[in-house]
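Treat the numbers as computed from the prediction; the structure is a model and nothing was measured.
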Amino acid sequence: MTPRILLSAVAALSLAACGGSGTSADGNVAAAAPVAAKPAPAGQNWTQVVSKTPEGGYRMGNPDAAIKLVEYGSRTCPTCGAFGQTGQKPLTDNYVSTGKVSYEFRDYLVHGQPDFAPSLLGRCVGTATFFPLLEAMYMAQPQFEAKLADQAATNALQTQLQGKTPNEAAAAWGDYLGYVEWVKQRGIPEAKARACIADKAALDEIIGMMNKGEGASVTGTPTFILNGTKVDGVSWPDVEAALKRAGA
């Protein structure tokens with residue numbers, strides 16, 4: 001995908017909004033029979049079982065779980081941040097750990113260029129640290145949001161980035177928002193961080209994931225898909241209620 005086409009795709013896709021309802025036509029799904037727990041492989045907890053999916057997301061838990069939860073989320077979206085801060089731990093501790101539920105996160109660049117660097121950094125650290133880093137990004141989100149709220153500075157940066165490639169824009173936003181320095185403080189060498197942000201194929205992959213399948217119908221973040229059906233709501237209580245109706 002060329003830089004011009006990629007930027008056009010992001011511009012179109014980022015018309016979606018942070019905090020979208022994610023409401024399904026049949027949000028009040030009838031309660032299902034309880035699902036039986038399944039033990040993890042010897043010496044492991046299901047929360048330690050993480051893999052990249054064919055769709056391009058990262059999944060935690062039993063790959064054969066009867067209840068499959070997928071989140072399309074933006075690392076710069078405050079509503080996604082609220083879920084990460086309040087819901088990720090109980091989701092993993094109380095549901096994924098049982099083997100009944102798997103949880104897959106798919107990056108969705110709802111804010112366009114500001115999302116590039118955190119998404120690329122979050123996806124290049126490997127499966128073992130993908131979800132811990134995602135949660136840490138959400139916990140630290142207020143410090144990044146404060147810089148995004150400075151309209152004069154962000155407008156000036158956008159002007160400077162005219163004609164730049166998507167990955168050059170990612171690097172500039174990553175420095176301005178402080179993500180490069182932030183991951184350095186968490187053990188990721190600066191050289192690796194910058195290589196991740198410069199990875200054109202990785203950014204193309206995220207755009208492709210957004211354009212196909214369920215991602216093509218996402219109109220806001222976070223959007224939660226439970227066994228193929230959009231969850232009615234975006235908060236942890238909404239998601240937990242849907243999990244319980246599904247038999248978790």
Asp115-Ser74 side chain donor-acceptor pair, cut-off 3.5 Å: yes

Could you tell me whether the side chain of Asn227 and the main chain of Ala66 form a donor-acceptor pair under 3.5 Å? yes

According to side-chain hydrogen bond (donor to acceptor under 3.5 Å, both in side chains), does anything in residues 176-198 pair up with another residue at least two apart or in another chain? List the pairs. Asp175-Arg194, Glu181-Lys184, Lys184-Glu190, Glu190-Arg194

Scan residues 134-167 for pairs that pass disulfide bond (SG atoms under 2.5 Å apart), counting only residues two or more places apart or in two chains. none

Write out all pairs satisfying disulfide bond (SG atoms under 2.5 Å apart) with one or both partners inside residues 135-186, taking only residues at least two apart or from two chains. none

Taken in chain and number order and not counting sequence neighbours, the residues that satisfy disulfide bond (SG atoms under 2.5 Å apart) with Cys77 are Cys18

Under 3.5 Å, is there a donor-acceptor pair between the side chain of Thr223 and the main chain of Gly220? yes

Please confirm whether the ring centroid of Tyr58 lies under 6.0 Å from the ring centroid of Phe130. yes

With side-chain hydrogen bond (donor to acceptor under 3.5 Å, both in side chains) as the rule and sequence neighbours excluded, what pairs involving residues 38-53 come up? Asn45-Thr47, Ser51-Arg59, Lys52-Glu205, Thr53-Glu55, Thr53-Glu104

Can you tell me if Thr159 uses its side chain to pair, donor with acceptor, with the backbone of Asn155 under 3.5 Å? yes

Going by the disulfide bond (SG atoms under 2.5 Å apart) test, which pairs reach into residues 103-203, not counting sequence neighbours? Cys124-Cys196

Sub-3.5 Å donor-acceptor pair from the side chain of Asp238 to the main-chain atoms of Gly233, do we have one? no

